[in-house]
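Here the structure is laid out as structure tokens; the discussion comes afterwards.
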Protein chains: 2
Amino acid sequence: MSVTRTVTLSDVAERAGVSATTASYILNGRSVEMRISADTETRVRAAVAELGYRPNRSARSLRTATTSTIGVISDFVASGHFASQMLTGASAAARADAHLLVIGETEGDPGVEALLIEELLERQVDGIVYATLVTAEVTVPPALGRRRTVLLNCVDPSTVLPAVLPDELGGGRTAAGALVRAGLRSGLHVVGEDPTPNALAGVLRLQGIRARLGEEGLGIDGVVPCPWTVAGAYAAVDAWLADGARPQGLICLNDRIAMGVYQALAEHGLEVPRDVSVVSFDGSELATWLRPEVTSVTLPYADLGAEAVRVLMDPGWATTGVVRLPMPISAGASVRPRPAEVPAS
Amino acid sequence: MSVTRTVTLSDVAERAGVSATTASYILNGRSVEMRISADTETRVRAAVAELGYRPNRSARSLRTATTSTIGVISDFVASGHFASQMLTGASAAARADAHLLVIGETEGDPGVEALLIEELLERQVDGIVYATLVTAEVTVPPALGRRRTVLLNCVDPSTVLPAVLPDELGGGRTAAGALVRAGLRSGLHVVGEDPTPNALAGVLRLQGIRARLGEEGLGIDGVVPCPWTVAGAYAAVDAWLADGARPQGLICLNDRIAMGVYQALAEHGLEVPRDVSVVSFDGSELATWLRPEVTSVTLPYADLGAEAVRVLMDPGWATTGVVRLPMPISAGASVRPRPAEVPAS
DNA sequence: TGATCCTGCTGATTCGATTCAGCATATGAC
DNA sequence: GTCATATGCTGAATCGAATCAGCAGGATCA
């Protein structure tokens, strides 16, 4: 392998016996518009292949003020694997448009956030996806006003920035619907209560649940408050059951809570779904690991990421408003099937 | 907010009443070397602040052929949250050196991989981290020869590229050591066998386990083969226990297997750690969700990511060789404490 | 008084691709 | 035979920062 000086467009042009201008037009798909002959085009393309020419994006970016690059700024990339599914979806959507993702993780530190935004702006990213791990209301840093931005999993009431979020309200309805369809009419409880005041998910899910049950003339018998963790849910539900509670249907506000609930039910000799039907939220892998697999209303993280990027690249970007993506239900075996009924007619 | 034309270095220079050259020297920390007066420096910095000047990285990159950007190419970003922890570690290490991460996910497709590598090279990334989800032997695409590269979680026997991996062998020893320290001397089994022939982790872990037990004159009573999944482990161990097996200590080759094992043990009325001690690998969140929390030998994903980036930026990069990071043990309550002994002296 | 050195700066060029304006030559219309 | 149009291409400027070579003007020295 020789110390090959990097091949430039001029090298290609020289080799093909044309000007750099012509070569540039050809490589940018403007040969028809510029009436380049087929013969010339062939020669240029051959030269590209022979020399192994690769355009220098820095040069192009300098001239065109675009980088085919999207900045993703989020509070946490790692936590859960939720954020990374977002990344996967975003990455795929970006690649569909020949863009790459530049990521920055703020770890929730506003100072770091400001710094990263500056770095992204300096790097001339074409747009920014501002994502939060937990669905929340935020106030985006003013620096983002300098680039087109889409919010992911959050909204900023003080701006008109487009935002992409899961339809938590609809998700709540879906979860309740699963119990309704199973014929459960009483002994319905919700486990978990929103632990952080800024997070909207819990509030909306609960609202959706109430709305759906209300349509059937039903209601929640109570909410068992607990942090959104396995251990926290276990402790709360264990104590609750020890107090004599005998629920028929439990809606857990996320899958980790469901796992704690499973543990507590087992501890008290209660079987899912024979004694208690369980529905959950998140649709994470964990839901499929439980025995029996828990029916879970899925957060469509990959879709959210992909949609955010699509909105970002859409010409009508500015007027998109808030997009809410449906939360599909992932059926497990944790809801007791409806008892056989007398056929209707 | 006005339609502010972007501020360039010349604008700053003009405002400060100096040449762009001078301003450039000052902003690049060469004012002493270039004997710029303190007064001039002050004026330039003031101008920067007043105008809100931000350098244009594209221009700088074009000139310097560096981008303060590191490319991360991996087969899967999403799967598990392992890869994303790597990203977090890598991101933090990169930021410590004022670099950002550009990510590309190949989804295991060699075509996509080749494409992404070209994209990264075009974008003039300063270096590339080539990561795999599963520890494996790989053959890196030749295009990577054009940029400094570090392998993460994999090795390429055909090259001398630096590689960063977990010390699986040591991890195996640690896992076995936990059982040894508890005084277990028989009825020791390993659950899970490497499902993919290219993955090294299982082989090395098993090797480490055997070595450590051998030192005590002990051995494995058997391996229960199963896929590395919750359901697969449950099925295998359930059948095995139904056959009358009564192990004393189980080493699960990852946390998902441990979860399946817990389920199977519970099914057969066996309690952890009273009846069976369990040790696992991964140190994922799942390990802490099980009851009792399972003792797990941790894959230091964040460290791996950070170390890979550090190696990449190290001047001695080329001669680094293979770096193996220790796998610390995360103690749960799944190993039966050693029975009280007669004091030794 | 001239030679030398230091101080504090600047002009001009460069990186590599994009793009506007325009220039020969060929073809056709009348 | 002339003018107009179409064809197929090119020269030169440009994007914004980095950097080499060099230039005034003052101080120092012999």
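Every chain is numbered from 1, with letters handed out A, B, ... down the list of sequences. The figures here come from the full heavy-atom set of this structure, side chains too, leaving out hydrogens, waters and symmetry mates. Predicted, not measured: the structure shown is a model, and the values here were computed from it.
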Can you confirm whether Glu14(A) is buried at CD, in the sense that more than 12 heavy atoms of other residues, nucleotides or ligands lie under 6.0 Å from that atom?
no

Any donor-acceptor pair under 3.5 Å from Thr88(A) side chain to Ala302(A) backbone
no

Would you kindly give the CD1-to-C1' distance between Ile26(B) and dG8(C), to the nearest whole Å?
11 Å

Return the angle between end axes of the helix from dT1(C)-dA30(D) to dC30(C)-dG1(D), with five pairs used per end and rounding to 10°.
60°

Not counting sequence neighbours, which residues clear salt bridge (Lys or Arg N to Asp or Glu O under 4.0 Å) with Arg310(A)? List them please.
Glu307(A)

If you measure from CG on Leu101(B) to CG on Leu100(A), what distance do you get to the nearest 0.5 Å?
12.0 Å

Figure out the CG/P separation between Leu62(A) and dA18(D), and round it to whole Å.
12 Å

Backbone of Asn56(A) reached by a side-chain donor or acceptor of Ser58(A) within 3.5 Å:
no

Measure from CG on Asp11(A) to P on dC15(C) and round the result to the nearest Å.
11 Å

Rounded to whole Å, please give me the gap between CD in Glu122(B) and C1' in dC15(C).
17 Å

Without swapping roles, check the side chain of Asp109(A) against the backbone of Thr106(A) for a donor-acceptor pair under 3.5 Å.
no

Partners of Pro141(A) by side chain to side chain contact (heavy atoms under 4.5 Å, CB included), sequence neighbours excluded?
Glu113(A), Ile117(A), Tyr130(A), Leu144(A)

Sequence-distant partners of Arg324(B), salt bridge (Lys or Arg N to Asp or Glu O under 4.0 Å), two or more places apart:
none

Pull out every residue in residues 36-52 of chain A that has a heavy atom closer than 4.0 Å to any atom of DNA chain D, ordered by number, or say none.
Ile36(A), Ser37(A), Thr40(A)

Is it true that Arg43(B) and Glu50(B) make a salt bridge, defined as a side-chain N closer than 4.0 Å to a carboxylate O?
no

Per-nucleotide protein contact along nucleotides 17-22 of chain C, 5' to 3', at a 4.0 Å heavy-atom cut-off (B base, S sugar-phosphate only, - neither), is BBBB--

Rounded at 0.5 Å granularity, tell me how far CG in Leu121(A) sits from CZ in Arg54(B).
8.5 Å

